[in-house]
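The structure appears below as structure tokens.
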Amino acid sequence: MEVLVAKSGGFCRGVKKAVDTAFSVDPENTYIFGEIIHNKEVVDAITKRGIVTAESLSEVPDGATLIIRSHGAGKAVYDECAARGIKVVDCTCEFVRRTQKIVKEQHEAGNAIVIVGERTHPEVVGLNGWCENSACIFSSEEDDFSVLPEKKCCVVAQTTYSREKFEKIIKIIKDRRGKTVEVFQTICYTTIGRQNEAEKLARQCDAMLVIGGLNSSNTGKLYEICKKYCKHVFRMRNSDDLDYAALKGFGKVGIVTGASTPDAQTQEVLLKMEMETEAKATMEQDVANIDNPAPAAEQPAASVDNQATMEEVVANMDSQPKFKKGQLITATISVADDAGIAVLLPNTKKEVLLDKDEVDCEVYNKEDYASKVGEEIELMVMSVNPVKLSQKMIKKVKEEEAMIADIEEGKEFSIVCTGYNKGGLTGELGSYTVFVPAREIRSGYVKELEKYVGKKLRLRKIEIKRDRRVPEIIASQRVIIEEEKAAREAAKAAKEAEFFANIHVGDIVEGKVERVTGFGAFVSVNGFDCLAHISDLSWTGVKAVTDVLEIGKKYQFKVLKVDEENKKVSIGYKQLQPQPWDLAAEKYAEGDVIHGKVVRIVPFGAFVEVEKGIDGLVHVSQISHEYLENPTTALSIGEEIDAKILRLDCAEKKMNLSIKALEPKPENVGSRRAPRGEGEEGKVRTRRAGKDRPEDEYTEWNEDGVGGASIAEMLKNS
């Protein structure tokens, strides 16, 4: 008889974590929410430790410890535990937790939840608890699909469900709802691998043994698959259910085991088969010896093939097929020496050396481990032919698992791009490869992918593909860039709204000069750019902004205009500075002599710049003791002169000056020709306003040349 054993049998990762926890946690006042796994022997062993299996939370007292099995539980369970002070030890399988997250997020988004699985299975009950028990649950193609809601549907699967059945049910749902259906492939890749291997073995074997709890869902799925491709399938809990007589007529027998089946139970079945084979071979040999005695050396030939085949199967169970690269095992320390630690592999009698370089310690000392002989130690399988183990790698792997779990939850991670292909960028993260599609590098089209090689990428996962030889993370940098851009724009909008809500025309604000242009300065006021136009920097005018303001310095400004719609604010600097005329009274007085420059000449006189912003008028009659028809005959623009202040009116911004007052009066001044308009008394002379001479520019002058009322005022008074 040839026996073929599926390589991927025994506890899956999630079940192992739950069982290990149940055997290591303090049993006092500890409960498990439902059977830890669907395996009576394991459940009985845990019960013997004093841990109680509770079918509902009403059986768990306040303040107790509650283990959540790998099937998970609904949100209400966690909420009640928190309210009652029950400490939760969560052993939910990572694949189940991922499905719970999908259900929760899709339900909160307003989508209908559809679960494909066994309605009463604890995992399905728990999943339904993350959408307020509103899910539509389908377990067969014969179910009533008319209950599907009209809105968008999110479909998930029980992690241990049959992939073939899942695909058939999905087709029915899509036929009814079309594009309004979003399907999430949540069947565990371990489950898919077991089912594929079961199908492969069933196709090539004469009989199949399916080992596992009779109430185990995933074991039941394996049994159904085997029945489909093999006529003779036997389902059993353990070696007690083995009927060897029913198998002896088959040439090739395959063995598959469920995720709730300990390796020890599978090994017990194989050992029992070996014993039955040996007994059969011995009996046949005895009969042969009676019927046809032969020399002792020739007697063993009767059943060599069967015996050798069974020995090979058992030997394989004790060596390579027992383990997989990367698998965590618990071994027993048997001896420690200078080379390392010899450990006894689980469920075998085989010893393997754990090299001292693979021991998780700063400095290896055999004495530290010699005293621990008989104790268990957790190790990782680094290779299987021959078996090599490591303790150091466990820490690294667990750190990677924690990192991947965070990435699965949406946490940002970074890698250095090491290559590219036609579709995008590539890199590595621990034992995972990372692929960033070209469209996910940044917003917009990226043409030159090679420029990213060697650069750091900030990423968030799109999908994690574990069901391949080298697991892969498909990730996006674009989503991070766009999120940050949106956050910046939102923050800017909020800041602008706050700014405009608190700024008004007339406010005095402090601002920092950030940059200057030919037409003004851009000033940061509470983080917002305001414009101080060059015309609002000085009362006397400037040629360059830097003549008044210095980049990087802070100044006080006055708000002149606020345009919230166009996001513009105008501010002024000169409005907070005194005007030249405001200080004139402190600097000048009537009778003072000033030195100035002629800046403008008009028919009735010349304007002299006393200082920037202050001009004085020298009336034509105050230029010279001699009569002048036109001021240009005596003065020119740009000429510097001295003059006496005859009249100063700061409120009206007027200063009357006289040049002739500083010169001696000629003796023959009386014989000068009388100007037009001079009266007989010789005291008043006026000129009419002409076309180009506005009335208010001409004033009454007495014989001393001091201006009085304007002609318009004189006419009004008369």
Side-chain angles (χ1 to χ4, degrees), residues 1-12 15 19 35 37-45 194-195 197-286 302-319 321-322 346-349:
M1 179 189 300
E2 181 181 0
V3 178
L4 302 177
V5 182
K7 294 181 180 180
S8 55
F11 285 169
C12 68
V15 169
V19 172
E35 283 190 348
I37 58 172
H38 298 309
N39 186 287
K40 185 178 183 303
E41 288 76 9
V42 175
V43 172
D44 289 345
R194 290 174 191 267
Q195 292 176 358
E197 196 168 5
E199 178 183 335
K200 183 179 179 181
L201 277 177
R203 287 179 181 274
Q204 66 185 82
C205 291
D206 303 313
M208 292 292 297
L209 301 184
V210 181
I211 307 173
L214 299 182
N215 58 341
S216 168
S217 173
N218 68 83
T219 305
K221 301 298 185 305
L222 296 177
Y223 178 76
E224 291 175 5
I225 291 171
C226 291
K227 285 283 290 181
K228 185 175 180 179
Y229 299 103
C230 181
K231 292 182 179 180
H232 307 284
V233 181
F234 303 90
R235 183 171 181 178
M236 59 187 66
R237 293 177 297 110
N238 51 39
S239 60
D240 293 340
D241 296 338
L242 175 65
D243 182 4
Y244 184 77
L247 298 175
K248 62 182 181 180
F250 300 110
K252 186 180 291 186
V253 178
I255 298 179
V256 295
T257 58
S260 302
T261 307
D263 290 338
Q265 288 188 357
T266 304
Q267 194 170 28
E268 286 174 3
V269 172
L270 287 168
L271 290 173
K272 187 173 181 179
M273 292 175 68
E274 179 186 22
M275 291 171 62
E276 294 283 357
T277 302
E278 288 178 351
K280 178 176 179 289
T282 301
M283 182 180 67
E284 290 176 350
Q285 184 64 49
D286 289 343
S303 59
V304 170
D305 291 341
N306 283 344
Q307 183 68 23
T309 303
M310 190 55 64
E311 286 176 351
E312 182 182 351
V313 172
V314 175
N316 286 341
M317 285 295 293
D318 284 342
S319 57
K322 175 74 176 177
N347 301 317
T348 72
K349 297 179 181 179

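Note that this is a predicted model, so its numbers are computed, not measured.
- One distance of note links OG1 of Thr261 with CG of Leu222; it measures 8.5 Å at 0.5 Å rounding.
- To the nearest 0.5 Å, atoms CD (Gln195) and SG (Cys226) are separated by 10.5 Å.
- One N or O on the side chain of Arg235 and one on the backbone of Gly213 form a donor-acceptor pair closer than 3.5 Å.
- Side-chain contact between Val3 and Leu209: absent, with no pair of heavy atoms (C-beta onward) separated by less than 4.5 Å.
- Electrostatic pairing of Glu224 and Lys228 does not count as a salt bridge here, judged by no charged N lying under 4.0 Å from a carboxylate O.
- With sequence neighbours left out, the side chain to side chain contact (heavy atoms under 4.5 Å, CB included) criterion links Ser216 to His38, Asn218, Thr219, Ser260.
- Considering every non-hydrogen atom in both Met236 and Asp241, the closest pair reads CB-CB, 3.4 Å.
- Here NE2 of His232 is found 11.0 Å from CG of Leu247. Values are rounded to the nearest 0.5 Å.
- Residue Asn238 comes nearest to Val269 through the heavy atom pair C-CG2, 4.0 Å, listed as atom of the first residue, atom of the second, then distance.
- The shortest distance between side-chain heavy atoms of Ile225 and Val256 does not fall below 4.5 Å.
- Within the model, atoms CG of Leu201 and CE of Met208 stand 5.0 Å from one another, a figure rounded to the nearest 0.5 Å.
- Shown here for Leu4 and Lys252, the closest heavy-atom pair between the two residues is CD1-CD, 3.8 Å.
- The shortest non-hydrogen separation linking Cys230 to Cys205 is SG-O, 3.6 Å.
- Atom NZ in Lys200 sits 7.5 Å away from atom CD in Glu197 (nearest 0.5 Å).
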